[in-house]
Amino acid sequence: MDKDKLSQMSADPAVQAMIPKAKEEGIESLWDRLEQQLPNCGFGDLGLCCRNCLQGPCRIDPFKQGAQRGICGADADTIVARNLVRAIAAGTAAHSGHAKHLAHILYKSAKGELKDYPVKDADKLNAVAARLGVELEGKSTEEIALEVGRLALEEFSEKESPNLWAATTVTQGRVETFSKLGVVPGGIDSAISDMMHRTHYGCDADPINLILAGVKCALADYSGCHMGTDLSDILFGTPQPVFSEANMGVLKENAVNIALHGHNPALSDIIVQVSKEMQEEAKAAGAEGGINLVGICCTGNEVLMRHGVPPVTHSISQEMAVVTGVLDAIVVDYQCILPSLANLQECYHTRLITTMPNAKISGAEHMELDEENAKECAKDIIRAAIKAFGKRNPDRINIPQDKASVVAGFSTETIVGALKAVDSEDPLKPLIDNIVNGNIQGVCLFAGCNNAKVPQDYNFVTVAKELAKNNVLILATGCGAGSLARHGLLNPQATLDYAGDGLKAVLTAVGEAAGLNGPLPLILHMGSCVDNSRAVDVAVAVANKLGVDMDKLPVVASAPEATAEKAISIGTWAVAGGLPTHVGVVPPVMGSPIVVDVLTDKARGLFGGYFIVETDPYKAVDKLLGAIQERRKGLGL
């Protein structure tokens, strides 16, 4: 396969090395399936098809003149809006389901029912409890955890009061804006249920009303994200800086390689803990290197941030990790797991092990997590991987040696701690001062997955380098952070290579003050996709310090290769939060002029944030920089 063709699939040299190997061995990859699906359905691309009842499916022809309607009478604007907000509901269900799982674990742990899940960060527990209005005086850690767990579970139920995790973590100006527009969420599950109800046959047919309801649901998604981050930190520890590596070169031929994949650390964190006790079992089975844990997607981000477990790959290239021939097991929880991984078991020795009741895959083996015996479950899974090690075919082993150094672990607390090293009395002052003097022009949060329609990582890397050159401070989460990690942009050397002079000076000063003997990384890895809430915490703290609302800050967001419905819900609450938000893949809304106008223009008048849809990464940079400069001008900078 020629290099140009490979570069159109992925910008990652390790993935490029694996794609021809997969073809040679008769392995069908995600890119093969993409090609089989072309051309994509034009109606679907525009969002103009509806199958919400049994009379259709209906399609609105974008080339036909005159008003058109589906069988029930829904027009193009209604169909597109309904499809959009249903995607928001699905994204909200995914993120909040993650949070609910952890809330149950915290609550049961506090009751003494889950011995393997003690509170790891009591300080974070106390901080969250105080924010939620819990009285701390005279209470034990277990009593406080029980109260926080109870409040967390109540956030999912029917309630008239505002959702605590949403209402207590944004600026007062945002609360007032959300209240005025009627988009303050109550119970998270209620918001999702309402969205499914109003998009049912014969219900809400007003596209504006649907979109505002979608915003309300997206803010419930924000609540779920923030809760997921808070509870993970409480149960597994708040991330601190860790040094690691990324890409397929982290796999070891002489070790039992186990990939931890999905989004929830409830099992993966336990596997990391238990693996330290089982190294000798692996060596006794012939694996001289013991057990080598690696990460994929956001579960990989969770264990990278807390334990330094190296990520092997992310998102659409997860199949390629199997093609190396040395991955003995992939242990998955839920979300973003390709069902095709099960098919690879027919060709390789790799064992795909599902662990959650809501994410079984035909052809995989299921070893369900029992939280009451989590460590024993983890041991059984590791032993299954050790057994698979002995079934490798040495003739099929091919490990690309590509890997890059990574510094991760930049929780909100870590960032504030690093700034405290510069100004212990007023840690936000160095950040604000450097935004004011122009050393930092603005801040951009990178989020989202890869998308097979885009050369993997190309948009992420291009936009990030161009923004850094223009002195924009970059934060990253999810598979976007993984993309940037594998291309060597999450380390101090990248700061020296790519940062503009102002940004370089700031990152160097803060890094040296914090004792790193050099600059901070060019891009600060803040965690998994639920951890977008960490970036919001930083922005809210700066806004409160300046006495302005978030829609005035020179802060933007970018999902250059967005894929999942979760990205739609995240992008929607980012816009509601006041941020200009770039999407590098055209969403399925172009069939409705009204919906497009609301998302890209009218939203600005309502929330201050708006969507920037731009597939060309260089043009996207120009638009993001333009938004930043407009905000700076508004602040008199």
Side-chain angles (χ1 to χ4, degrees), residues 8-9 28-94 195-196 198-201 203-205 207 210-211 213-214 217-218 315-316 335-336 338-340 448-456 459 559-572 582-600 611-615:
Q8 291 170 17
M9 298 176 177
E28 180 187 77
S29 73
L30 174 140
W31 287 278
D32 296 318
R33 294 189 294 275
L34 171 66
E35 191 170 357
Q36 293 162 14
Q37 291 296 325
L38 297 176
N40 294 138
C41 170
F43 296 96
D45 274 345
L46 297 175
L48 288 173
C49 52
C50 175
R51 49 183 174 80
N52 290 7
C53 81
L54 303 183
Q55 297 175 125
C58 294
R59 302 190 303 185
I60 304 298
D61 187 343
F63 302 107
K64 189 174 181 180
Q65 298 300 312
Q68 299 176 69
R69 297 180 183 274
I71 295 167
C72 75
D75 62 13
D77 298 312
T78 294
I79 290 172
V80 170
R82 283 176 175 171
N83 290 339
L84 173 65
V85 299
R86 278 204 166 202
I88 291 172
T92 303
M195 193 61 33
M196 300 308 292
R198 71 172 60 229
T199 56
H200 184 272
Y201 176 73
C203 289
D204 200 339
L210 282 161
I211 291 172
C217 190
S315 194
I316 62 174
Q335 299 173 25
C336 302
L338 299 184
S340 60
C449 309
N450 297 124
N451 188 311
K453 292 180 177 180
V454 178
Q456 185 187 19
N459 283 3
E561 302 176 26
T563 292
E565 290 162 315
K566 294 182 297 180
I568 297 174
S569 54
I570 290 171
T572 303
H582 164 239
V583 181
V585 178
V586 179
V589 297
M590 301 302 288
S592 168
I594 288 178
V595 173
V596 171
D597 183 53
V598 170
L599 298 180
T600 61
F611 280 103
I612 300 168
V613 179
E614 180 53 70
T615 59

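Only heavy atoms go into these numbers, but all of them, side chains included; no hydrogens, no water, no symmetry mates.
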Interatomic distance, [X] atom [atom1] to [Y] atom [atom2] [nearest 0.5 angstrom]:
X: Asn52; Y: Tyr201; atom1: CG; atom2: OH; value: 11.5 Å
X: Leu338; Y: Ser315; atom1: CG; atom2: OG; value: 7.5 Å
X: Glu561; Y: Asn459; atom1: CD; atom2: CG; value: 5.0 Å
X: Lys566; Y: Thr92; atom1: NZ; atom2: OG1; value: 11.5 Å

Practice task
I would like to know whether Val586 and Thr615 meet side chain to side chain contact (heavy atoms under 4.5 Å, CB included); could you show each step before the answer?
Solution key: CA-CA 7 Å; Val586 179; Thr615 59; 3.7 Å; yes
Closest heavy-atom pair and its distance - [X], [Y]:
X: Ala213; Y: Met195; answer: O-CE, 3.2 Å
X: Gly44; Y: Pro588; answer: O-CB, 3.5 Å
X: Ala452; Y: Leu30; answer: CB-CD2, 3.3 Å
X: Ala562; Y: Val585; answer: O-CG2, 3.8 Å

Problem - For Met590, the option from Asp45, Leu48, Val596 that meets side chain to side chain contact (heavy atoms under 4.5 Å, CB included) - result: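 When side chain to side chain contact (heavy atoms under 4.5 Å, CB included) is applied between Met590 and each of Asp45, Leu48, Val596, only Val596 qualifies.
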Practice task
Please name the residue in the list Leu84, Ile79, Thr78, Val80 that meets the side chain to side chain contact (heavy atoms under 4.5 Å, CB included) test with Arg82.
Solution key: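 With Arg82 as partner, side chain to side chain contact (heavy atoms under 4.5 Å, CB included) holds for just one option, Thr78.
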Is atom [atom1] of [X] surrounded by more than 12 heavy atoms (other residues, nucleotides or ligands) closer than 6.0 Å?
X: Arg33; atom1: CZ; result: yes
X: Leu38; atom1: CG; result: yes
X: Arg59; atom1: CZ; result: no
X: Gln55; atom1: CD; result: yes
X: Gln36; atom1: CD; result: yes

Practice task
Side-chain contact test, heavy atoms from C-beta onward, threshold under 4.5 Å: evaluate it for Met9 versus Gln456 and give yes or no.
Solution key: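 Not touching, per the 4.5 Å side-chain cut-off.
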Problem - Residues in side-chain contact (heavy atoms from CB on, under 4.5 Å) contact with Ala93, at least two apart in sequence or another chain - result: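 Result, side-chain contact (heavy atoms from CB on, under 4.5 Å) vs Ala93: Ile192.
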